[in-house]
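Below is one structure; the comments refer to it alone.
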Amino acid sequence: MTQAKEKHASGHQTISMRKTLLFTVCSIVVLDSFISPAKLGVPAITVRLIAVVLFFIPYGLISAELGSTFPANGGIASWVERAFGEFPCVLVGWMYWLNEVFWMPAVFIAFSDWIKIALFPGMPDWVMASIAVGMCWLIVWVGIRGIELSVSISAMVAVIKTVLMLLLGAMGIVYGMKYGFANDFSGSWIPKWDDTIKYTAAIIYNLMGFELISSVGDRIENPQRTIPRITLIAGLGITVLYVAGTFGILAAIPAGSVDEVDGFVYALKELCRVFGSFSGPVFYLLIFLASMTLVVDIVTWNLGSNETFMSSELQKRSPWLAHRHEKNGTADHLYFVMGVIATGLILLNYMFTGDANSIFWTMFSFSSLVFMLNYMFMFPAALKLRFSDPTPRVYKVPGGLPGMILCVSLCTAGTLLAVIFFVDWDIHSYAFWMEMIGTAITVGSGWVLYRRGKKREMQSESSPRSSLSGEGLN
């Protein structure tokens, strides 16, 4: 292919199938939150495989049809607009972006905590907060530098994640043979009812992200062919990686001792015992690489969330927020606002609690709740577009209309399950009121954004008429 053909109409490089695949792997495989279902013990692997069959595969099929049929920028927001109109599109774009604003500080709080545990156990809170803030602004800088840079970095880190997760599984086997398994893999793999549904919600959350690359859909090389293929390949690969990683964790750490925030660090340190006298250097190398994946998770999702929000006609609501960098074409003002808000949240949370676990899960639960609500629009949109939009489909969910109905039903039910269990239903807790009030404010502010756009639209339409009237009088 010639260089000219590799250029997008905007003058920027197109995204190849290889980078699209690796970007998708990077966006879905996360190391900071995949650990929590391991508290179920060995049945956590069974639950993951059930979630793959009943949720992940249908979700991938739906995303493949939508992404290949409607490859314009915006992904989930553009699909929702086609199906349900402007306000749901604005709300989805807004919630998708706001989730990232809260998730970014939560991840970097976990990042600082990993550095403290692994390297500097006595690190004071103000240093941890400084590291988290510094990482936020590094991400802002990377994001503004260009979409191509963000995609390329994500592709490289997808390879690191793949190696780390497979290595966890391999070390788990060696660890078990050498020291004995921390959990009984010869026992029952059948999940018990108690906490299974709660952690199934976390597993479903960990499986989200197929649609993210479609936020820059018009940059993808031949999306009609690329998106269905990478969805299949990525889906299989991600399943293997999560199962391997979960096995490795359970090989070294008893289920009851799994730390839901820092368990990855503790498990990795324990597993590195298999390297004998080299366990220390190997652990430091691997924890450094793992920490870098947290940073790049934010690069990936910041890109997707900003482009999704921009596609919800943000220019009509706030020209300042919708500004694009003159040279790089990135949503520079949105990145800047993200950095400011994330900095404030990090500082406020450390001042009020100073407890990384509490901080992480409070922000994580709210951002997760807002994030999952987007899919309550996306999955029904796929079904509605089958009826309302005649655009030819290069790829369709197998099974015709019944197949689409089944996939949408399974995915909507899984999403609703996650939404319900991400809420802390203790009405006396701070987390409950943060989630309820925060969600209400999010939806209300989404409505304000929508009305602001309609008002500006009406004003722009009336201005030419007023001008013409004035000319007639003169």
Side-chain angles (χ1 to χ4, degrees), residues 15 20 23-24 27-28 55-100 207-220 222-228 230-231 234-235 301 303-316 370-398 401 403-412 414-416 419 446 449-450 453:
I15 303 172
T20 302
F23 181 93
T24 301
S27 65
I28 297 178
F55 181 84
F56 195 45
I57 292 175
Y59 167 41
L61 297 175
I62 291 171
S63 299
E65 176 172 326
L66 291 173
S68 60
T69 306
F70 311 107
N73 275 5
I76 185 172
S78 65
W79 306 332
V80 169
E81 182 176 31
R82 279 178 175 270
F84 301 124
E86 186 176 352
F87 173 59
C89 166
V90 174
L91 186 58
V92 165
W94 168 235
M95 291 194 299
Y96 211 74
W97 182 80
L98 192 64
N99 153 72
E100 187 64 18
L207 295 175
M208 308 312 288
F210 267 133
E211 77 292 338
L212 192 67
I213 190 62
S214 292
S215 63
V216 289
D218 72 346
R219 296 279 189 95
I220 299 173
N222 192 3
Q224 290 80 7
R225 174 174 172 269
T226 296
I227 291 178
I230 67 100
T231 301
W301 280 93
L303 168 61
S305 61
N306 281 336
E307 293 301 320
T308 298
F309 195 21
M310 291 284 280
S311 74
S312 62
E313 297 185 279
L314 184 59
Q315 174 68 33
K316 192 165 69 174
V370 170
F371 174 65
M372 295 303 295
L373 288 174
N374 292 298
Y375 297 93
M376 298 301 293
F377 292 93
M378 173 182 151
F379 296 129
L383 181 59
K384 184 174 186 299
L385 288 172
R386 272 287 188 98
F387 291 100
S388 64
D389 196 301
T391 302
R393 284 156 169 77
V394 176
Y395 171 84
K396 285 187 176 182
V397 172
L401 184 59
M404 174 61 88
I405 292 173
L406 176 62
C407 287
V408 168
S409 299
L410 289 171
C411 290
T412 303
T415 303
L416 184 60
V419 168
L449 279 172
Y450 165 70

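The figures here come from the full heavy-atom set of this structure, side chains too, leaving out hydrogens, waters and symmetry mates. Just so you know, residue 1 is the first one in the sequence shown, and it goes up from there. A quick note: this is a predicted structure, and the numbers were derived from the prediction, not measured.
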Does the side chain of L449 come within less than 4.5 Å of F309's, by heavy atoms? yes
Here the pair of heavy atoms bringing S78 nearest to G75 is OG-O, 2.7 Å
Does any pair with a residue in residues 57-77 pass salt bridge (Lys or Arg N to Asp or Glu O under 4.0 Å), and if so which ones, sequence neighbours excluded? E65-R386, E65-R393
Heavy-atom check, side chain of F84 versus side chain of C89, under 4.5 Å: no
Sorted by chain and residue number, the side-chain hydrogen bond (donor to acceptor under 3.5 Å, both in side chains) partners of N222 (sequence neighbours excluded) come out as none
Mind listing the closest non-hydrogen atom pair of S305 and L212 along with its distance? N-CD1, 4.4 Å
Side chain of Y59, backbone of F379: donor and acceptor closer than 3.5 Å? no
Checking side chain to side chain contact (heavy atoms under 4.5 Å, CB included) for the pair I227/Y395: CA distance, chi angles, key distance, verdict? CA-CA 9 Å; I227 291 178; Y395 171 84; over 6 Å; no
Do Y450 and L91 have side-chain heavy atoms sitting under 4.5 Å apart? no
Any donor-acceptor N/O pair, T69 side chain to L66 backbone, under 3.5 Å: no
Are the side chains of T24 and F210 in contact, using a 4.5 Å heavy-atom criterion? yes
Compare all side-chain heavy atoms of L406 with those of P58 and state whether any distance is below 4.5 angstrom. no
Atom CG in L61, atom CG in L410: separation rounded to 0.5 Å? 10.5 Å
For the residue pair T415 and L373, establish whether any side-chain heavy-atom pair is separated by less than 4.5 Å. no
Closest non-hydrogen atoms of V397 and C407, given as atom of the first, atom of the second and distance, are CG1-SG, 3.8 Å
Heavy-atom closest pair, residues T308 and I76: CG2-CG2, 3.9 Å
Minimum heavy-atom distance G446-V90, with the two atoms named: O-CG1, 3.8 Å
M378 backbone acceptor or donor facing W79 side chain under 3.5 Å: no
Is the closest side-chain heavy-atom distance between L416 and M376 below 4.5 Å? yes
What pairs meet the salt bridge (Lys or Arg N to Asp or Glu O under 4.0 Å) rule with one or both residues in residues 83-97, with sequence neighbours excluded? E86-K316, E86-R317, E86-K454
Return the minimal non-hydrogen interatomic distance between P71 and P223, and the atom names on each side. CB-CG, 3.5 Å
Can you measure from CD1 (I213) to CD1 (I15) and round to the nearest 0.5 angstrom? 4.5 Å
Could you give me the CA-CA distance, side-chain angles and deciding distance for M208 and M372, then say whether side chain to side chain contact (heavy atoms under 4.5 Å, CB included) is met? CA-CA 9 Å; M208 308 312 288; M372 295 303 295; 4.0 Å; yes
I'd like to know whether Y96 forms a side chain to side chain contact (heavy atoms under 4.5 Å, CB included) with E307, so could you lay out the CA-CA distance, the side-chain angles of the two residues, the decisive distance to 0.1 Å, and finally the verdict. CA-CA 10 Å; Y96 211 74; E307 293 301 320; over 6 Å; no
